[in-house]
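Worksheet for the structure shown next.
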Amino acid sequence: MEFMTRLGILLSGRGSNFLAIADNIASGQLADCEIAVVLSNKADAPGLDAARRRGLKAIAIEANGRKRAEHDEEIIDILRAHHVDLVILAGYMRLLSRGFIQAFPLRILNIHPSLLPAFPGLDAQQQAFNYGVHVAGCTVHFVDEQLDHGVIITQRTVPVLPTDDEPTLAHRILEQEHIAYSEAIAKVISGNYEIQGRRYIPKK
Ligand code: GAR
């Protein structure tokens with residue numbers, strides 16, 4: 001049997017990016033990988049229920065005021081117990097400890113709803129809308145020790161229309177997120193790239 005990359009999904013909310021990835025795996029559009037486990041820091045995250053309805057293992061690990069490193073250790077243990085190769089942050093709204101990042105070097109991906117390095121942090125779509133940019137988009141990147149900073153794997157753009165408000169813009173960006181994340185995962189699984197400084201370079 002060919003090698004399957006095992007994904008560990010971390011989410012905090014509705015989980016539409018997770019569902020897009022799961023749909024693309026089910027349809028065969030995203031090949032050579034499977035979802036090993038879905039984890040959340042929020043027990044009431046709708047994405048966890050959606051995962052269970054699809055028959056996936058879904059576990060909540062609430063932080064409950066614990067130290068970040070300690071909470072992350074528990075998550076790392078679960079990821080390892082499920083033999084996770086690639087960690088996918090899909091709307092996981094909690095910073096990772098250094099120990100977590102070092103446990104999976106260049107094996108943690110994040111999606112952010114802006115064209116980084118513009119508008120890192122919270123409410124990126126609102127930041128972009130307020131700034132008055134004419135082009136917005138999303139970024140999938142490797143996670144490093146700085147917020148929304150690691151090497152960029154994929155970006156997709158959308159226009160900002162004069163008729164937009166923040167929700168219509170966020171929706172247009174989200175549609176592209178659902179494409180971008182699977183594209184980026186496929187690129188990383190292929191292994192057909194090298195990283196030079198901050199640059200992701202596909203191999204010929
Ligand atoms: C997505 O828009 C994702 O880019 C964003 O949270 C949303 C999660 O939606 N993530 C961040 O802002 C991380 N800095 P989803 O739960 O429907 O996938």
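Both counts, for ligands and for their atoms, begin at 1 and track the order of listing.
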Top protein contact for [atom], by heavy-atom distance:
atom: atom 4 (O) of ligand 1; value: E177 OE1, 2.6 Å
atom: atom 14 (N) of ligand 1; value: H112 ND1, 3.1 Å
atom: atom 10 (N) of ligand 1; value: I111 O, 3.7 Å
atom: atom 12 (O) of ligand 1; value: P113 CD, 3.4 Å

Between H82 (side chain) and I78 (backbone), is there a donor-acceptor pair under 3.5 Å?
-> yes
If every non-hydrogen atom of G191 is compared with every non-hydrogen atom of K203, which pair is closest and at what distance?
-> O-NZ, 4.4 Å
Do you know the tightest heavy-atom contact between S114 and T139?
-> O-OG1, 2.6 Å
Linking I/L/V/M/F/W/Y whenever their side-chain heavy atoms sit closer than 4.5 Å, directly or via other members, would L106 and V140 fall into one cluster?
-> yes
At less than 4.0 angstrom from any non-hydrogen atom of [X], what atoms of ligand 1 do you find?
X: M93; value: 11 (C), 12 (O), 13 (C)
X: S16; value: 15 (P), 16 (O), 17 (O), 18 (O)
X: G91; value: 6 (O), 8 (C)

Under the side chain to side chain donor-acceptor pair (under 3.5 Å) test, which residues partner D23, sequence neighbours left out?
-> R54
Can you figure out which of G121, A45, G15, G13 has its heavy atom closest to atom 16 (O) of ligand 1?
-> G15
Checking I88, N24, I153 against Y181 for side chain to side chain contact (heavy atoms under 4.5 Å, CB included), the one that qualifies is I88
